[in-house]
Visitor: 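Here's a structure for you.
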2 protein chains.
Amino acid sequence: MRIGELAARAGVDVQTLRYYEREGLLDPPARTRSGYRSYAPAHLERLNFIRHCRSLDMALADVRRLLELSKDKSASCDEVNAKVHAHLERVRAKRAALQVLERQLAALDAQCASGHRVADCGILEELIHAAHGEACACHAGPAAGAREVSAADRWRGR
Amino acid sequence: MRIGELAARAGVDVQTLRYYEREGLLDPPARTRSGYRSYAPAHLERLNFIRHCRSLDMALADVRRLLELSKDKSASCDEVNAKVHAHLERVRAKRAALQVLERQLAALDAQCASGHRVADCGILEELIHAAHGEACACHAGPAAGAREVSAADRWRGR
DNA sequence: CTTGACCCGATAGTAGCTACAGGGTTTTGA
DNA sequence: TCAAAACCCTGTAGCTACTATCGGGTCAAG
């Protein structure tokens, strides 16, 4: 199986496969004489596993570790459980933060009266006004929850 | 006001301010003879506006546009309204996707029986099993909703 | 006059791809 | 038989919104 076929079968981009190989998630396949990658069915299985984990929004580093762990059948699976559980908690936290954010934006969106000029745009006014009250960020205003979104946006990087 | 003070007052990193300046979000301030940045109070106001928009998870490109628009008081505010509304819709979609994801992960997490070895780890088994059923991605399986999360993760980039 | 806190610009790194550029190879069909 | 199209290769740069580090300059206190 050449790279294009594997990519099509798994529904990913060819570039992504080369990227996974570079990152050590997919074993380097055999090569034809002309240097083309030649994949075995096992590669497709592994790739499907990776994509499934990614569809659950797991970090590639975690996926790589799960792949390692799954090789050693006699190893303890505590780490697997912990990883999945920790990931669930992060997703939970992020979803909660987005819920707060959604409410704030909905309120902002509702400010849009029929003012057609920027001069009396309720949204801009609200944005500027809120910005004033928020300076110094040393109190727990309504934006405190949302502020965590930006941080949470990077949770996979930790 | 030097950069350190402005950063402290707005609760951001000094580097972030230099970044905002480079990106055209903050006007270049005056400089002292030795080249230090010297900010006016207006810079703090503007910065607070930016940080408030960011706390609502808006993209910097959108913030930059809002700043431009807010200068011309006689301009139409349709674009402001549209931007905020579109942003709200993206947040809504992402939150919904995360909700689906959360359910899937919770189910996965519940698979963790008391098997202590990888060989009989319910989670790994489930991950591998699900990956099999998912190949080709041409049907709408339970992961279809979650798959949008990864895509949604990049919605700001579009 | 030295120590430490501050500041400068430039560069590189983060996650997970995606999109080139500038080549070589294989397949198809006229 | 040969040309075009479709595929493949490596390497590099781009995306977001920062953050960190480097090597050096400046300033205030003691």
Side-chain angles (χ1 to χ4, degrees), chain A residues 1-26 28-39 47 50-51 53-65 87 90 94 146-158, chain B residues 1-26 28-39 47 50-65 87 90 94 147-158:
Chain A
M1 196 176 0
R2 292 198 308 194
I3 199 171
E5 190 184 341
L6 179 61
R9 285 214 212 180
V12 300
D13 197 294
V14 164
Q15 311 273 34
T16 303
L17 295 186
R18 295 201 266 250
Y19 172 71
Y20 285 169
E21 186 179 325
R22 266 202 313 283
E23 295 297 306
L25 284 139
L26 271 180
R31 298 281 186 142
T32 66
R33 250 169 314 164
S34 56
Y36 284 19
R37 287 173 180 80
S38 180
Y39 292 96
L47 179 55
I50 295 169
R51 293 311 291 177
C53 290
R54 288 293 299 137
S55 82
L56 293 174
D57 210 26
M58 288 182 200
L60 286 186
D62 282 347
V63 179
R64 185 164 31 224
R65 187 79 185 111
H87 183 55
R90 283 189 302 254
K94 180 153 188 175
R147 214 179 260 289
E148 283 161 28
V149 172
S150 308
D153 236 351
R154 272 167 275 132
W155 41 255
R156 271 195 263 106
R158 305 197 45 200
Chain B
M1 198 178 356
R2 291 198 306 194
I3 199 170
E5 191 185 341
L6 179 62
R9 285 214 211 178
V12 300
D13 197 295
V14 163
Q15 311 274 34
T16 304
L17 295 187
R18 293 202 265 252
Y19 172 71
Y20 284 170
E21 188 179 324
R22 266 201 314 282
E23 295 296 306
L25 284 138
L26 270 181
R31 297 283 186 141
T32 66
R33 251 168 314 166
S34 56
Y36 285 18
R37 286 173 181 80
S38 180
Y39 291 96
L47 179 54
I50 296 169
R51 293 310 292 177
H52 181 60
C53 290
R54 287 293 301 136
S55 81
L56 293 174
D57 210 27
M58 289 182 200
L60 284 186
D62 282 347
V63 179
R64 185 164 31 222
R65 188 81 185 109
H87 183 54
R90 283 189 302 254
K94 180 152 189 178
R147 213 179 261 288
E148 284 161 27
V149 172
S150 309
D153 237 352
R154 275 169 273 131
W155 40 257
R156 273 195 261 106
R158 308 198 48 204

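Here is how names work: the chains are called A, B, and so on, in the same order as the sequence lines, proteins then strands, and each is numbered from 1. Reckoned from all heavy atoms, side chains included, excluding hydrogens, waters and symmetry mates.
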Visitor: Would you kindly give the CG-to-C1' distance between A:Asp57 and C:dC17, to the nearest whole Å?
Guide: 13 Å
Visitor: Let me know the distance between CD of A:Glu21 and C1' of D:dC8, rounded to the nearest Å.
Guide: 13 Å
Visitor: Just how far, in rounded Å, is P of C:dC6 from CD1 of B:Ile3?
Guide: 13 Å
Visitor: Could a donor-acceptor pair under 3.5 angstrom be found where the side chain of A:Gln15 meets the base of C:dA19?
Guide: yes
Visitor: Any luck finding a side-chain donor-acceptor pair between B:Arg51 and B:Tyr20 under 3.5 Å?
Guide: yes
Visitor: Mapping A:Ser38 and A:Arg22 onto DNA chain D by nearest heavy atom, which one lands closer to the 5' end?
Guide: A:Ser38
Visitor: Backbone N or O of A:Glu23 within a donor-acceptor pair of the A:Arg64 side chain at under 3.5 Å?
Guide: yes
Visitor: Roughly, in whole Å, what's the span from CE in A:Met1 to P in D:dC8?
Guide: 12 Å
Visitor: Measure OH/B:Tyr19 against P/D:dT21 and give the value in whole Å, please.
Guide: 19 Å
Visitor: Please report the distance, rounded to the nearest Å, between CZ in B:Arg90 and P in D:dT16.
Guide: 13 Å
Visitor: From the list C:dC17, C:dG16, D:dT19, which nucleotide is the closest neighbour of the side chain of A:Ala59?
Guide: C:dG16
Visitor: Please confirm whether the shortest side-chain N or O distance from A:Tyr20 to OP1 or OP2 of C:dC17 is below 4.0 Å.
Guide: yes
Visitor: Find every protein N or O atom lying less than 3.5 Å from an N or O atom of nucleotides 27-30 of chain D, and list the pairs.
Guide:
residue: D:dC27; atom: OP1; partner: B:Ser34; partner atom: OG; Å: 2.9

Visitor: Considering non-hydrogen atoms only, spot the tightest contact between A:Leu25 and A:Ile50 and give its length.
Guide: O-CD1, 3.8 Å
Visitor: Would you find a donor on one side and an acceptor on the other, under 3.5 Å apart, between the side chain of B:Arg54 and the backbone of B:Met58?
Guide: yes
Visitor: For B:Thr16 and D:dA17, is the shortest distance between a side-chain N/O and OP1 or OP2 below 4.0 Å?
Guide: no
Visitor: Within the distance-only criterion (no hydrogens, no angle test), does the side chain of B:Arg90 pair as donor or acceptor with the backbone N or O of B:Lys94 below 3.5 angstrom?
Guide: no
Visitor: From the options C:dC8, D:dT19, C:dT18, select the nucleotide whose nearest atom is closest to the side chain of B:Arg37.
Guide: C:dC8
Visitor: Given atom CG of A:Asp62 and atom P of C:dA15, what is their separation to the nearest angstrom?
Guide: 11 Å
Visitor: When the distance from CG of A:Leu17 to C1' of C:dA19 is rounded to whole Å, what number comes out?
Guide: 16 Å
Visitor: Among the candidates D:dT10, C:dC17, C:dA19, find the nucleotide nearest to the side-chain atoms of A:Arg31.
Guide: D:dT10
Visitor: Which heavy atom of B:Pro29 sits nearest a heavy atom of B:Ser38, and at what distance?
Guide: CB-O, 3.5 Å
Visitor: Between A:His87 (side chain only) and A:Ala59 (backbone N and O only), is there a donor and an acceptor less than 3.5 Å apart?
Guide: no
Visitor: Of the options C:dG9, D:dC9, C:dC17, whose atoms approach the side-chain atoms of A:Arg18 most closely?
Guide: D:dC9
